[in-house]
Amino acid sequence: MYNIIFVGAPGAGKGTQASRVAQKLNMVHISSGDLFRQALEQGTELGKQVKAYMEKGALVPDEITIQMVMERLSATDGANGVILDGFPRNLPQAEALDGAVGARGKTIDKVVYIEVSEEELVKRLSGRWLCRQCQAVYNTVNSPPKMEGKCDKCGGELYQRPDDKPETVKKRLDVYFAETAPLIDYYRRQGTLMTVEGEGSVEEVTRRIVAALPAEKLVVK
Ligand code: AP5
């Protein structure tokens with residue numbers, strides 16, 4: 001079992017890379033943002049609880065987020081391990097995760113920090129489109145779908161996230177620097193952090209991540 005966390009600012013490419021690396025290494029990809037968006041789409045009780053926070057670009061309260069991710073982790077057989085994307089997002093979440101993982105006799109093996117300049121983040125978010133059905137991520141500039149508005153993978157309808165509006169992006173970046181960036185030091189002190197340059201092509205960034213992961217636990221497909 002190999003447990004990895006992807007950390008980085010909104011638009012750094014966590015979702016794009018977590019999905020690619022999970023597929024390559026036969027791991028389970030768990031994205032807190034995707035879980036919340038699915039709940040919103042399905043109009044569940046959880047979706048109703050988180051809607052206002054997400055629309056504003058604020059963090060969903062810890063008790064809701066931690067419970068949701070822990071339930072998802074418990075329901076995971078894990079294949080070769082788990083990649084967490086978007087969780088933890090602040091110190092209380094990181095401490096809750098450490099406690100839960102430790103209680104199962106497991107560890108967080110690596111924390112991949114994807115580093116991207118603020119200018120590039122804003123550019124990427126303004127061109128992002130997502131599949132409503134399978135959550136695949138596209139970009140009008142860098143990785144457009146073959147057919148406009150349609151997902152290459154499942155044919156689902158593509159949409160722009162409401163929180164990718166410029167004013168909400170600014171708020172999300174502020175929240176990231178205030179609440180999530182301190183995690184980088186937290187994991188550096190634990191000795192699990194590795195920083196990966198997140199600019200360059202999607203393929204190049206995937207290669208950098210896989211090359212930087214310690215080889216002994218990897219089962220590359
Ligand atoms: P979440 O969905 O986690 O959003 P985020 O962290 O803001 O991250 P993004 O999904 O915006 O970016 P990403 O890094 O995954 O980039 P992507 O791969 O898509 O959270 C959304 C909301 O949910 C939060 O605001 C909060 O309300 C709530 N939430 C979620 N988790 C929470 C938690 N733990 N606690 C509390 N609240 C929580 O790429 C972006 C774009 O760039 C795409 O178009 C992509 O195609 C393009 N791209 C990717 N890589 C490259 C590249 N190398 N070159 C060029 N373009 C690229």
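Source: prediction; values computed, not measured. In each ligand, atom 1 is the first atom listed, and ligand 1 is the first ligand listed. The chain is numbered in sequence order, starting from 1.
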field: Worked verdict on E167 versus K170 for salt bridge (charged side-chain N to carboxylate O under 4.0 Å, His left out)
entry: CA-CA 5 Å; E167 61 278 16; K170 184 180 177 316; over 6 Å; no

query: Which residues pass the side chain to side chain contact (heavy atoms under 4.5 Å, CB included) test with K123, sequence neighbours left out?
result: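 Side chain to side chain contact (heavy atoms under 4.5 Å, CB included) check on K123 returns E120.
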
Would you say [Y] and [X] are linked by a side-chain donor-acceptor pair, where the criterion is simply a distance under 3.5 Å?
X	Y	result
T168	E55	no
T16	R20	no
Q67	E63	no
D98	Q190	yes

Hey, are [X] and [Y] close enough for a salt bridge, meaning a charged N less than 4.0 Å from a carboxylate O?
X	Y	answer
K171	D174	no
D164	R172	yes
R132	E41	yes

Run the contact test for [X] against ligand 1 with a 4.0 Å cut-off on heavy atoms, strictly below, and give the result.
X	result
R161	yes
R37	yes
L125	yes
A18	no

Closest protein heavy atom (residue, atom, distance) for [atom]:
atom	answer
atom 48 (N) of ligand 1	R124 CD, 3.9 Å
atom 8 (O) of ligand 1	K14 NZ, 3.1 Å
atom 32 (C) of ligand 1	S32 OG, 3.7 Å
atom 18 (O) of ligand 1	T16 OG1, 2.5 Å
atom 9 (P) of ligand 1	R128 NH1, 3.2 Å
atom 53 (N) of ligand 1	G200 O, 2.9 Å
atom 15 (O) of ligand 1	G15 N, 2.8 Å
atom 16 (O) of ligand 1	G13 N, 3.2 Å

Short N/O distance, under 3.5 Å, between [X] and ligand 1?
X	answer
G57	no
R172	yes
F36	no
G86	yes
G8	no
N139	yes

- prompt: Among E199, R89, M54, which residue places a heavy atom closest to atom 20 (O) of ligand 1?
  reply: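 That would be R89.
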
task: Inspect the surroundings of OH in Y53 and state if more than 12 heavy atoms from other residues, nucleotides or ligands are less than 6.0 Å away.
output: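 No, the 6.0 Å shell around OH holds no more than 12 heavy atoms from other groups.
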
